[in-house]
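Residue numbering restarts at 1 for every chain, and letters A, B, ... go by the order of the sequence lines. Because the structure is a prediction, the values reported are computed rather than measured.
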Amino acid sequence: MPDPTSIPMYKPAQIEPKWQKKWAEDGLYHADIDPEMPKFYALTMLPYPSGDLHIGHWYAMCPSDARARFKRMQGYNVMFPMGFDAFGLPAENAAIQRGIHPRKWTMRNIEVMRRQLKTMGTMIDWRREAISSDPSYYRWTQWFFIQFFNNNLAYQKEALVDFCPHCNTTLAREQVHGEERYCERCGTPVIKKNLVQWFFRTTNYAEELLDFSGIDWPEQVKTLQTNWINRSEGASVRFKTEIGDEIEVFTTRPDTLWGATFMVLAPEHPLVDKITTSDQMEAVITYQLQAERMGDIQRETADREKTGVFTGGYAINPVNDEKIPIWIADYVMMSYGTGAIMAVPAHDQRDFEFARKYDLPIVVVIQPPDEEPLVSEVMEAAVPAAGEMVNSGPLTGTPAEDAFQQAIAHIEAKGVGEYSVNYRLRDWLISRQRYWGAPIPIVHCPECGALPVPEDQLPVELPMDVEWLPTGESPLKLHPTWRFTTCPHCGGEAERETDTMDTFMCSSWYHLRYLSPWHDQYPFDPQEYDYWMPVDTYTGGIEHATMHLIYTRFFHKACRDLGITKGDEPMLQLRNQGMVLGEDHEKMSKSRGNVISPDDLVAAYGADAVRAYLMFFARWELGAPWNSSGIEGSIRWLRKVWFTFLEPPAQAGTASQETLRNLRRKVHQTLQSITYDFETFNFNTIVSGLMELVNEMTAAKSAGAYGTQAWKEAESIYLRMLAPVCPHIAEELWSRTGHAYAIHNQPWPEVDEEAAKEDQITLIVQVNGKLRDRMTVPASISEEEAKSAALASENVQSYIAGVRPKKVIYVPGRLVNIVV
RNA sequence: GCCGAAGUGGCGGAAUUGGCAGACGCGCACGACUCAAACUCGUGUGCCUUCGGGCAUGUGGGUUCGAUUCCCACCUUCGGCACCA
C-alpha cells in the first residue's frame, strides 16, 4: 500500500468531470469533413427520451463508443453522433395523465438524458444532435412522405388492419408480435379493423431486401428478415367459375394442379357473395359471421379442426376442365396470397383433413416410388411429393422433380396462369391515430381528392393548443381549427389528414439528419452525405431486426431510386448487443425492483469503472445478468493501474535483460490481441487483456523495471490501449506521467513483431493423445530435436516402457504426440 | 411444426486454424496488515483419488494420433415465425 500522503488516491469523481469539460471546450470530438482523412461513420441506435438513461443504454453505447474511439486513434476521421427518437406514445400518455404537453415532457426528458449521456464520457459530437419531434426535423420527414407519395410509393387504401385498443391506433404488421398477436409497444392483443390507411410500398422491394450480399450483418438478423419476407416460388393460376368470374390462386405446387378437386375461399373473399347460390346463402352468411367474431388469434391456431361451408358454386379446373365445388373455410386467410386456394387433398395435409371431413373427392397425382399404387379411398394422410406423376394429363409419367417446371410451361401455354413469386411481407402501414407524431402532409379536398401539402408550406406543424379528451381519438381530430384548410389545387375548402406517421418513419432516416441537422435546404447537406455515408458500423438491439432494420433499408432503397440517396444499403456493418438482466436473472423492470441505475454506479465507482465492467462482464452480443460484486473487480483493477503507473517503487532496482525482454513481449502480444479484439467486437477480452498486462507490469516493477526504457514504452502503449475503454483515467495518467494532452489524439500503437515473438515455447508432449510432459524449449527447435527431446523425457519413457513408437506427430511450436 | 442462437467450475466467461480445457474477473478458503473490521496485499481454488493417477466442455455415437472446436442423432433453454397455400 502506498503512502497516501505522497501518491494521490484515484478519485474518479474529480477526474471525470474535469476531462469531460476540457474535451468539450476544446471540441476534441468534433467530426468535420476532411478530404485528406479516411472517414468512419459509427452509429448507435438512437434512444427514446423516456427520461432516464438505464443500464441498457450504457451497455449499447459504451462499447460502441470505445470502438469508435479505437477507430479514431487508428487514424480515421470518426463521426459518432447522437439524437432522440422523440415522437411517440409515452409523451402523449404523460400528457393525458399529468396534463403536461408532450413537447414539454419530451424536451425535459431530453435534457436529463443529455446530461446523463455526458457522464458516460463518450466522444459524441453534440453539434450533430437531431431530435425527431423538432419541426426542423419532421419538416423533412414530411418531405420524404411527399416524395414517396409523388412517386407512387405511398398510397391510401381501405384494409382490414391491426389496431391496438390500448394505444388507440393502428399498427404495421411488423409491430404485431407473437402468437397472441400483441402490440409491440404495450403488449395488448390487437384487434382487426376495416379502415382507410396510408401505406408505403415496401413490397416493391421485397426481392431486393432479401439480398444481403453487400453488407456485413449478423446471420441471425439476415435470417429473421429473410423469414419475415418469406419468399415462395410457384404459380398464379386463374380458375373460372361456372358463372364466368375469375378466381386467382397462388400455389407453390402447380405440379399438383390435376389433383385440385375443390377450391377454398377465405370467408371474407370479395367473390363469395356472387358465387353463393340462394339455397346456400344462409349457411354461408352464418359461417362468415362466425369467422368474423372469432378473431385472428383463435382463427390462426393451426391445430384447430378445419371447418367450412359449401357455397353452391363451382369452378372449372383449367388443366382438365373438371367441375369442382367452391367452399369457404377459415383456414384460408384473406391476408396471404389471393385469399383463395386450389385444394389438392391427396398431397396437402390441410386439404386432406378438410376433404375427409366433408367427403370431398381425393385424386392422387403423384405416386411415391417403390410402393403399392395409392388408393385415395384408404389413404390416412396426404403424401409428400416424391415419385412419378399420375392422372395428370400430359404430365403423366414425368418424374415429380421435373413436374413443377412442366406444369408452369403448360399453364403459360394455355394462358391460364404463369410463374409467380409470392411474399409474406406486407406494405408498411404508417398511419397512426395519435397526436404526438409527424402529421401526414396531405390535404383532402372533396373536389380534387388527397393532395400533398406544397413543399414550401412544410412543415405541417402540430398545433400546441390541444386538449386531451378521454375519447381515444387523436386531439388533432378534435382541434377546432387546425384541420380546416384550403385545397392547394382548387383553393376550395378542404381538410387536413389528421393521422400522424409511425415513428419508425422518423427513425428510418435519422442517420441522414445527423449529417447536417443545421441544414435547412434539404434533409441533409449533400457534401456531408458524400463524405460520411454510408454508415460504417451500426450497433443496436436485435429486437429491431424485422422493424426498424427492414424499414430503414427499404427507405434507403426507395430514396436511391428517387435520386436522393446513393448506393444500395445505408449501413455496411451491423452488430447487436445483448441485454443486461437483473441480478435475479430476470429482465430489468421497475415492477420487479431489479433495476440497476447507472447514475448510482457512476457516483459509487466512476464512469470508467462502469464502462470497463460493461465491456468485461459478458459477451457483448449475448449480455448477462448484472452482478453487483463483479463491478468491484473493475474498480480494483483501475486502482491497481493508477498505482502501478504513479507510485515509484519502494527501492530502485536494476531489471535483468530477461525481465525487460519479457515485459516488451507481453506488451506487444497484448497490443496484437487487443487490436484484433476491437476489430471483432470482443470487448470482454480487451479488458481481460489489459488486466493481465497490468498484472505482468506489477511483477516487472518489483523486478526493477520501473523507469527503464521498456517500462516507458509499456506505459505509453498501455495508456493508449486503455484510452478507448476508460477515457478519463487514461487521460489523467497520460498527463501525470508527463505526456502531452490529449491521449485521445494519439495514434494507436504499432506492434513490434520482433518484440512480440516468443523465443521459448512450452512443448507439449503427449503419449496416445494424453498430456504426459511439458518442456521449455527454444522456439527455433527443429522437428528432429523436438522429437528426440520428447522421447528422452522420463515421464514419457515410463509410459512407452520400451515399446517402439508406431508414429510420432509433430506440430511446430506446439506439441509432440507419441503413438504406441 | 418450421427457422435461428446458446449449453464449458459455485457465477460471468477464455481458448483467433483440430493441438496444455478453465485465461481474466467475481465468489469462496487460508494467511499478512489491524485492538477489531473493512480496504489492501499474498497463497490456494473443476471433480474424484488408494497421490500412481483417473474423470471432466448438455447427452449418445462417429471421424482423427489428437475434438470445447468437424460430422450424425438427441436433450434443455432462449428468440423468431406459424393453417403461408
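- Taking atom C1' in both U17(B) and U64(B), the straight-line distance is 16 Å, to the nearest Å.
- For Ile764(A) and G66(B), the CD1 to P distance is 18 Å, given to the nearest whole Å.
- Under 4.0 angstrom from either OP1 or OP2 of A85(B) there lies no side-chain N or O belonging to Arg350(A).
- Checking the phosphate oxygens (OP1, OP2) of A14(B), a side-chain nitrogen or oxygen of Asn684(A) falls inside 4.0 Å.
- In this structure, Leu224(A) reaches the sugar-phosphate backbone alone: every heavy-atom distance under 4.0 Å involves primed, P, OP1 or OP2 atoms, never a base.
- Spacing between atom CH2 of Trp228(A) and atom C1' of G79(B) amounts to 14 Å, rounded to whole angstrom units.
- The side chain of Arg636(A) places an N or O atom within less than 4.0 Å of a non-bridging phosphate oxygen (OP1 or OP2) of U40(B).
- Look at the C1' atom in both A32(B) and C26(B): the space between them is 22 Å, to the nearest Å.
- Annotation: G46(B) and C20(B) have their C1' atoms spaced 16 Å apart (nearest Å).
- Looking at heavy-atom distances under 4.0 Å, Asp351(A) makes no contact with the nucleic acid at all.
- Counting to the nearest Å, the C1' atom of G25(B) and the CH2 atom of Trp626(A) are 13 Å from each other.
- Among the protein residues, Gly178(A) comes within range of the sugar-phosphate backbone only, with heavy atoms under 4.0 Å from sugar or phosphate atoms but none that close to a base.
- The nearest whole Å value for the distance from the CZ atom in Phe616(A) to the C1' atom in C11(B) is 12 Å.
- In this structure, Arg575(A) forms no cation-pi arrangement with Trp217(A), as its terminal cationic atom is not both closer than 6.0 Å to the ring centre and no more than 45° off the ring axis.
- Atom-to-atom, OH of Tyr423(A) to P of A85(B) comes out at 14 Å; the value is rounded to the nearest Å.
- We find that CD of Glu219(A) is positioned 10 Å from C1' of G4(B), with the value rounded to whole Å.
- Not one side-chain nitrogen or oxygen of Asn682(A) sits closer than 4.0 Å to the OP1 or OP2 atom of G13(B).
- In terms of phosphate contacts, Arg814(A) brings no side-chain nitrogen or oxygen within less than 4.0 Å of OP1 or OP2 of G66(B).
- Rounded to a whole angstrom, the distance from the C1' atom of U57(B) to that of G7(B) is 9 Å.
- U59(B) and U8(B) are spaced 10 Å apart, taking the P atom of each and rounding to whole Å.
- Remark: Arg67(A) is positioned above the aromatic ring of Phe681(A), its terminal NZ or CZ atom under 6.0 angstrom from the ring centre and at most 45 degrees off the axis.
- Backbone-only contact: Arg772(A) has heavy atoms under 4.0 Å from sugar-phosphate atoms and none from a base.
- Atoms NZ and CG, from Lys666(A) and Leu671(A) in turn, are 12.5 Å apart once rounded to the nearest 0.5 Å.
- In this structure, Asn817(A) reaches the bases: a heavy-atom distance under 4.0 Å links it to at least one base atom across the strands shown.
- Classification of Lys357(A) and Glu305(A) as a salt-bridged pair holds, one side-chain N sitting under 4.0 Å from a carboxylate O.
- Residue contacts for Gly623(A): at a heavy-atom cut-off of 4.0 Å it reaches the sugar-phosphate backbone alone, with no base atom in range.
- Within 4.0 Å of Lys770(A), counting heavy atoms only, lie sugar-phosphate atoms of the nucleic acid but no base atom.
- Under the 3.5 Å distance criterion, with hydrogens and angles disregarded, a donor-acceptor pair is assigned to the side chains of Thr203(A) and Asp427(A).
- In terms of phosphate contacts, Arg619(A) brings a side-chain nitrogen or oxygen within less than 4.0 Å of OP1 or OP2 of A14(B).
- If you measure from atom CZ of Phe683(A) to atom C1' of A14(B), you get 17 Å, rounded to the nearest angstrom.
- Between Glu632(A) atom CD and U40(B) atom P the separation is 8 Å, expressed in whole Å.
- Of the possible polar contacts, none joining the Asn684(A) side chain to the Phe617(A) backbone as a donor-acceptor pair under 3.5 Å is found.
- Taking atom C1' on both nucleotides, G1(B) is separated from C71(B) by 26 Å, rounded to a whole Å.
- Taking atom P on both nucleotides, A36(B) is separated from G31(B) by 13 Å, rounded to a whole Å.
- For A82(B), one of the phosphate oxygens OP1 or OP2 lies less than 4.0 angstrom from a side-chain nitrogen or oxygen of Arg424(A).
- Residues Trp428(A) and Tyr551(A) bring their aromatic ring centres within 6.0 Å.
- Phosphate contact (OP1/OP2 of U16(B), side-chain N/O of Tyr676(A), threshold under 4.0 Å): absent.
- Aromatic ring centres of Tyr613(A) and Trp637(A): separated by at least 6.0 Å.
- Between Tyr358(A) and Phe262(A), the gap from one ring centroid to the other reaches at least 6.0 Å.
- Thr546(A) comes within 4.0 angstrom of no nucleic acid atom, judged by non-hydrogen atoms across all strands.
- If you take atom P in U76(B) and the same atom in C28(B), they sit 35 Å apart, rounded to whole Å.
- Looking at residues two or more places apart in sequence or on another chain, you find a side chain to side chain contact (heavy atoms under 4.5 Å, CB included) between Asn230(A) and Arg424(A).
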Starting at the 5' end of RNA chain B, write a dot or bracket for each base, bracketing those in Watson-Crick or G-U wobble pairs whose two distances are under 3.5 Å and using | for partners on another strand. (((((((..(((......[....)))((((((.......))))))(((....)))..(((((..]....))))))))))))....

